[in-house]
Peer 1: 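Supplied in structure tokens, the structure appears directly below.
Quick note: residue numbers are just sequence positions, from 1. Whatever order the structure lists them in is the order used to number ligands and atoms, beginning at 1. Only heavy atoms go into these numbers, but all of them, side chains included; no hydrogens, no water, no symmetry mates.
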Amino acid sequence: MRLTVIGTGYLGATHAACMAELGHEVVGVDVDAGKVAALAAGRVPFHEPGLAGMVARHTASGRLRFTTSYEEAGAFGQVHFVCVGTPQRRDSDAADLTYVEEAFAGIARQTRKGALLVGKSTVPVGTAARLADTHDVEIAWNPEFLREGYAVEDTLRPDRLVFGVRTGRAERLLRQVYGTVLAGGTPLVVTDFATAELVKTAANSFLATKISFINAMAELCEAAGGDVRELSEALGHDDRIGRSFLRAGVGFGGGCLPKDIRAFAYRAAELGVDLGFLRAVDAINMRRRDRVIELARQLCGDGLLGARVAVLGAAFKPDSDDVRDSPALNVAARLGLAGADVTVYDPEAMDNARKEYPLLGYAMSVEEALRGADLVLHLTEWPQFRELDPGRAASLVHRPLIVDGRGVLDADRWTAAGWRFRALGSPAPVGPVGEDGRG
Ligand code: UDX
């Protein structure tokens, strides 16, 4: 089929490339001429495993093209996917729909007769119906659930597909687009517009709630002398609860979860439904960042002023260079403001981090970040941090003091190599090692 994808960020570029991979002819559209030029030349302007090769292959074969012209896209496509961002508004928790409105208006003016416009962006419930009433074109809603770092896999082999449709024709067209995926056994839910919109925000709210639940348990473990890693493992063995998204730490960030739960609660309140528990989820999440700073303050016995702090991680999660609302960078910046001498290292997110916080110190390697540090904070769980040799790391730092803000480092290995090791949600070591990390 001939498809277009409007918006070529993380979601759109991945969707466009994966649709080409499934055998479709695809045109990607973006208002950013620089991004279009890079993608057209087969280059992906962000880090997403597996995507660069796919874009290079399909742009070279001509099956995947990019343009800034809605006119060209409208003349080409039978089905148009809208994949633009819906950031948080500056003046409230609501989603900013400017880009969605512009994309629908832009393509609706240019479409061929019978074309289908499919929204994939995360929007407040009611948006699809309003767009369908505004524009004289057929609309469907097909939310995406892809995780950064696994975006290609999640698009080609999703857990489920959701089609929000008003006609059998729209459903048939979408079934044709995703024919290969459906033939592979992917479950499909065909529903109305409102439910399709709600699935996405409900899913993200559930995931955020799970993370904040275990982080609240981490607070309790810290107060009561329990260990949240063991608690989480024991909880996760119950199939009804499940193990995933129960890892305590410095909390969730990124371009989706934080803004989606706020926009969801805001929209629910507009509809007269109180989702106040999501404010608690948000607050617990933010408190975890405060806790790392409090720990850093306690552990640097002489105060933060002038303390050399190595921050391992800048991306909001591993396998991504995305620093939007990153807990790691947020903590790094706040320690810097408090007078600490902060050095950040991340395997992929250095350029984005520098753009966001140009005044922080940055190292070219993990060794360089560790050299001379009074305190090490592990805040994004890249595999290379997990695989660090604690003995070698100890030889580089000034004081072997580490806080594991992601709950994945092996406490015994680090302690055996002479480190004073603290993890969020685990009791402070008893005996010679005190809260100030000095013993
Ligand atoms: C999320 C949803 O998972 C995805 O379905 C949706 O389409 C977009 O939003 P993403 O933002 O890529 O995807 O990240 P995700 O893997 O969900 O992680 C979100 C955050 O939660 C990260 O900061 C991660 O470090 C944190 N997290 C995750 C935890 O703190 N603990 C966990 O147990 C799991």
Peer 1: Quick one: nearest non-hydrogen protein atom to atom 17 (O) of ligand 1, plus distance?
Peer 2: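 Protein heavy atom with the smallest distance to atom 17 (O) of ligand 1: Phe245 CZ, 3.3 Å.
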Peer 1: Looking only at protein heavy atoms, identify the closest one to atom 9 (O) of ligand 1 and say how far it is in Å.
Peer 2: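 Minimum-distance protein heavy atom for atom 9 (O) of ligand 1 reads Cys256 CB, 3.2 Å.
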Peer 1: Looking at the rings of Trp141 and Phe104, which for Trp means the six-membered one, are their centres under 6.0 Å apart?
Peer 2: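 Ring centres of Phe104 and Trp141 closer than 6.0 Å.
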Peer 1: With a 4.0 Å cut-off on heavy atoms, does Lys210 reach ligand 1?
Peer 2: no
Peer 1: Report yes if Gly253 has an N/O atom closer than 3.5 Å to an N/O atom of ligand 1; otherwise report no.
Peer 2: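 Indeed, backbone or side chain, Gly253 has an N or O that close.
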Peer 1: What do we get for Leu246 next to ligand 1 when only non-hydrogen atoms under 4.0 Å count, side chain, backbone, both or neither?
Peer 2: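 The backbone, only.
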Peer 1: After noting the C-alpha distance and the side-chain angles of Arg308 and Asp374, does the key distance pass the salt bridge (Lys or Arg N to Asp or Glu O under 4.0 Å) rule?
Peer 2: CA-CA 5 Å; Arg308 270 275 289 113; Asp374 296 308; over 6 Å; no
Peer 1: Find all atoms of ligand 1 within a distance of less than 4.0 Å from any non-hydrogen atom belonging to Leu257, and give their numbers and elements.
Peer 2: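 Contacts of ligand 1 toward Leu257, numbered from 1: 1 (C), 9 (O), 19 (C).
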Peer 1: Can you see whether Thr167 engages Glu138 through a side-chain donor-acceptor pair at a distance of less than 3.5 angstrom?
Peer 2: yes
Peer 1: Under 6.0 Å between the ring centres of Tyr10 and Phe46?
Peer 2: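 Distance test on ring centres: under 6.0 Å, yes.
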Peer 1: List the atom of His378, the atom of Thr380, and the distance in Å for their closest heavy-atom pair.
Peer 2: NE2-O, 3.5 Å
Peer 1: Run the salt bridge (Lys or Arg N to Asp or Glu O under 4.0 Å) test on Asp322 and Arg324 for me, step by step, so that the C-alpha distance in whole Å, both residues' side-chain angles and the decisive distance to 0.1 Å come before the verdict.
Peer 2: CA-CA 6 Å; Asp322 192 346; Arg324 286 177 294 172; 2.8 Å; yes
Peer 1: Starting from atom 13 (O) of ligand 1, what is the nearest protein heavy atom, named by residue and atom, and what distance separates them?
Peer 2: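 For atom 13 (O) of ligand 1, the nearest protein heavy atom comes out as Arg147 CA, 3.9 Å.
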Peer 1: Provide, to 0.1 Å, the distance between atom 15 (P) of ligand 1 and the closest protein heavy atom, together with that atom's residue and name.
Peer 2: Lys317 NZ, 3.6 Å
Peer 1: Atom 2 (C) of ligand 1: which protein heavy atom is closest, and how many Å away?
Peer 2: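 Ranked first by proximity to atom 2 (C) of ligand 1 is Asn204 OD1, 3.5 Å.
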Peer 1: I want to know if ligand 1 touches Phe316 in the polar sense, i.e. an N/O pair below 3.5 angstrom.
Peer 2: yes
Peer 1: Applying a strict 4.0 Å limit to heavy atoms, is Gly254 in contact with ligand 1?
Peer 2: no
Peer 1: Note the single closest protein heavy atom to atom 20 (C) of ligand 1, along with its residue, its atom name and the distance in Å.
Peer 2: Phe252 CB, 3.5 Å
Peer 1: Is it the case that more than 12 heavy atoms not belonging to Phe206 sit under 6.0 Å from its CZ atom?
Peer 2: no
Peer 1: How far does OG1 of Thr59 sit from CG of Leu39, to the nearest 0.5 angstrom?
Peer 2: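 Between atom OG1 of Thr59 and atom CG of Leu39 there are 8.5 Å.
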Peer 1: Which residue and non-hydrogen atom of the protein lie closest to atom 30 (O) of ligand 1, and at what distance in Å?
Peer 2: Arg406 NH1, 3.3 Å
Peer 1: How about Tyr362 and Asp346: does a side-chain donor come under 3.5 Å of a side-chain acceptor?
Peer 2: no
Peer 1: Is it the case that ligand 1 has an N or O less than 3.5 angstrom from some N or O of Glu381?
Peer 2: no
Peer 1: If you measure every N or O of Phe145 against every N or O of ligand 1, does any of those distances drop under 3.5 Å?
Peer 2: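 Yes; at least one N/O pair falls below 3.5 Å.
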Peer 1: Among all protein heavy atoms, pick out the one at the shortest distance from atom 12 (O) of ligand 1; state its residue, atom name and that distance to 0.1 Å.
Peer 2: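 Looking only at protein heavy atoms, the one closest to atom 12 (O) of ligand 1 is Glu148 N, 2.7 Å.
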Peer 1: Would you call the rings of Trp382 and His47 parallel, tilted or perpendicular if under 30° counts as parallel and over 60° as perpendicular?
Peer 2: tilted
Peer 1: Which of the numbered atoms in ligand 1 are under 4.0 angstrom from any heavy atom belonging to Gly251?
Peer 2: 23 (O), 30 (O)
Peer 1: Salt-bridge test for Arg287 and Asp282: reply yes if a basic N is under 4.0 Å from a carboxylate O, no otherwise.
Peer 2: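 No, no charged N to carboxylate O under 4.0 Å.
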Peer 1: If you take all heavy atoms of Ser212 and Phe252, which pair is closest and at what distance?
Peer 2: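 For Ser212 versus Phe252, the nearest heavy atoms are OG-CE2, 3.7 Å.
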Peer 1: With atoms numbered from 1 as shown, which atoms in ligand 1 lie under 4.0 angstrom from a non-hydrogen atom of Leu207?
Peer 2: 3 (O)
Peer 1: Give yes if a backbone or side-chain nitrogen or oxygen of Arg247 is under 3.5 Å from a nitrogen or oxygen of ligand 1, and no if not.
Peer 2: yes
Peer 1: Does any N/O atom on Ile211 come nearer than 3.5 Å to any N/O atom on ligand 1?
Peer 2: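 No; the residue has no nitrogen or oxygen that sits under 3.5 Å from a nitrogen or oxygen of the ligand.
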